[in-house]
Peer 1: 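Have a look at this one before I ask anything.
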Amino acid sequence: MIVGASLAGLRGAEALRAEGFTGPLTIIGDEPYEPYDRPPLSKQVLKGWVPADHTALPRLRALDAQWRLGVAATGLDRATKHVLLADGEQVPYDRLLIATGTRARPWPNPAEAALEAVYTLRSRDDAAGLQQALAARPSRVLVIGAGFIGSEAASVCRDLDIPVTVAERGSAPLVGALGGVIGEIAAQMQRDHGVDLRCGVGVSSLEGDAGGHVRRAHLSDGTTVEADVVLASLGSIRNVEWLEGSGLAAGFWGVGCDAGGRAFDINGVATDSVYVAGDVARAPHVLYEYQFLAMEHWDNAVLGAQAAAHNMVNLEPHYRPNLLLPGFWSGQFGVNIKSVGVPPFGDEIVFTQGSVKDRRFAAAYGRRGRIVAAVTFNHGRWLEYYGRLIQESAPFPPPPPGWDRPDDMQPMPADFPEPGVPTAVPDVVLTGHDPNERRAEFRPRR
Ligand SMILES: Cc1cc2nc3c(=O)[nH]c(=O)nc-3n(C[C@H](O)[C@H](O)[C@H](O)COP(=O)(O)OP(=O)(O)OC[C@H]3O[C@@H](n4cnc5c(N)ncnc54)[C@H](O)[C@@H]3O)c2cc1C
């Protein structure tokens, strides 16, 4: 059984069949739609290029599954191996894959969140509603929170020539994901494109008109923004409530599991029949000091689900880890931003290629003398090079690729809001071309 009928759920189901599983397969999803793709929602869909209902994920193989869409799982009884559904049904399972992902964090004041034209952006319906609101050409859009989704939405507003204000509590856009040095570049990019960017301020309240339509926002610095569409992009909440009482290691941080997707119980012991994948999973990563990472990225949902599915139907000597090197992409303000590794794991950054002025560069993140991540702006073809260095725990600053070097290659503080606590650094190499075939090997320090 698979709970969560989105990217991880679908790819997990396909992998089960590809692994030769021929038994009954049930897929439960609380959304009424067949699995669809979320990255286009804040990009092509908002722009009006692709209708929200044209985002169905391609099917990679026949599934012969029983789909239960539009009904949520509300409980898990591991003793009797049943999943409880919102309609009262109890569905038995032998092996369970939890792929319930995350949802958008709502605007915290429910009455204000209920005002007309206050949106969040996670689902197909959210995107359809916001796209229609943008197509009606509002006088100003207010985006609260300048993470990836907020920044992408602000970029679409400017593409559509709609005035937009972005309010960000941190010091710069993308600062949590990429640090203050890159955040400053992202801030300049927004301003160059005409965004009214306000950093270091929070939105205290939203105000509606007599008809219940949002009209203005009051900011923590005492200023007011007049806006008739508001997007609250405040990050995500993991969908774990249905697991309460199940005895699994589930909480606001996600569902703890091993690198092969086997869920941990509350004592941290791996279970035999419950697996986790995608945005809701949190697993230790060999390259990152075995710290538990929750990776809310597309690639991780696919590869995590494939590894978990493999382990669900194979015996222990053949278990497979998900050793994916984390990575993501984003398109905003005409720039293709790509990253590999875990940037917030680093505390230093160095520009290694290209030019910041031209918004075409590569930068590497380091920690304790090792490269741990890299980011590129319009320079994505070099990402593989940096990925290889990260997998080898190569020295930081990394050996420059010998091409396109900037004048100043001095490392500087990466300026993350809360740097992690250092522990030991393993020397690890991931081998093989197919990520599913990768195994960790420890090598002596060079
Ligand atoms: C607007 C947007 C843009 C994005 N852009 C990018 C990008 O550019 N690059 C990138 O790498 N990633 C991007 N992502 C992230 C990427 O889409 C996610 O990593 C991916 O969707 C995770 O898949 P998942 O299956 O784990 O979780 P989800 O896609 O969240 O799916 C979980 C599913 O489970 C359902 N569910 C939850 N609880 C229950 C329950 N109790 N019972 C039944 N069903 C339940 C949910 O409704 C949902 O359908 C973006 C995400 C969004 C929202």
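Every number for a ligand or one of its atoms is a count from 1 in the order of the listing. The first residue in the sequence is number 1, and the count goes up from there. Given the structure is predicted, the values throughout are model-derived calculations rather than measurements.
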Peer 1: Pair Leu130, Leu46 - check side chain to side chain contact (heavy atoms under 4.5 Å, CB included), show working.
Peer 2: CA-CA 7 Å; Leu130 182 55; Leu46 279 196; 3.8 Å; yes

Peer 1: Which residue holds the protein heavy atom closest to atom 25 (O) of ligand 1, what is that atom called, and what is the gap in Å?
Peer 2: Ala8 N, 2.9 Å

Peer 1: Side chain, backbone, both or neither: which part of Asn239 comes within less than 4.0 Å of ligand 1 when only heavy atoms are counted?
Peer 2: side chain

Peer 1: May I ask you to check if Arg124 and Tyr33 form a cation-pi contact, with NZ or CZ under 6.0 angstrom from the six-membered ring centre and within 45° of the axis?
Peer 2: yes

Peer 1: Contact between Ser330 and ligand 1, counting heavy atoms under 4.0 Å?
Peer 2: no

Peer 1: For atom 45 (C) of ligand 1, state which one of Asp30, Leu69, Val280 supplies the nearest heavy atom.
Peer 2: Asp30

Peer 1: Are His297 and Phe328 close enough that their ring centres sit under 6.0 Å apart?
Peer 2: yes

Peer 1: Side chains of residues 76-84: which donor-acceptor partners sit under 3.5 Å, not counting sequence neighbours?
Peer 2:
| unit_1 | atom_1 | unit_2 | atom_2 | d |
| --- | --- | --- | --- | --- |
| Asp77 | OD1 | Ala79 | N | 3.0 |
| Asp77 | OD1 | Thr80 | N | 3.3 |
| Asp77 | OD2 | Thr80 | OG1 | 3.2 |
| Arg78 | NH1 | Ser246 | O | 2.9 |
| Arg78 | NH1 | Gly247 | O | 3.4 |
| Thr80 | OG1 | His82 | ND1 | 3.2 |
| Lys81 | NZ | Asp94 | O | 3.3 |
| His82 | ND1 | Thr80 | O | 2.9 |

Peer 1: If you have a sec, work out which protein heavy atom is nearest atom 5 (N) of ligand 1 and how many Å separate them, to one decimal?
Peer 2: Lys43 NZ, 3.2 Å

Peer 1: Is there any N or O on Glu31 that sits under 3.5 Å from an N or O of ligand 1?
Peer 2: yes

Peer 1: Look at atom 2 (C) of ligand 1 and find which of Leu84, Leu41, Ile149 reaches it with the closest heavy atom.
Peer 2: Ile149

Peer 1: I need the Asn239 CG to Arg103 CZ distance, nearest 0.5 Å.
Peer 2: 5.0 Å

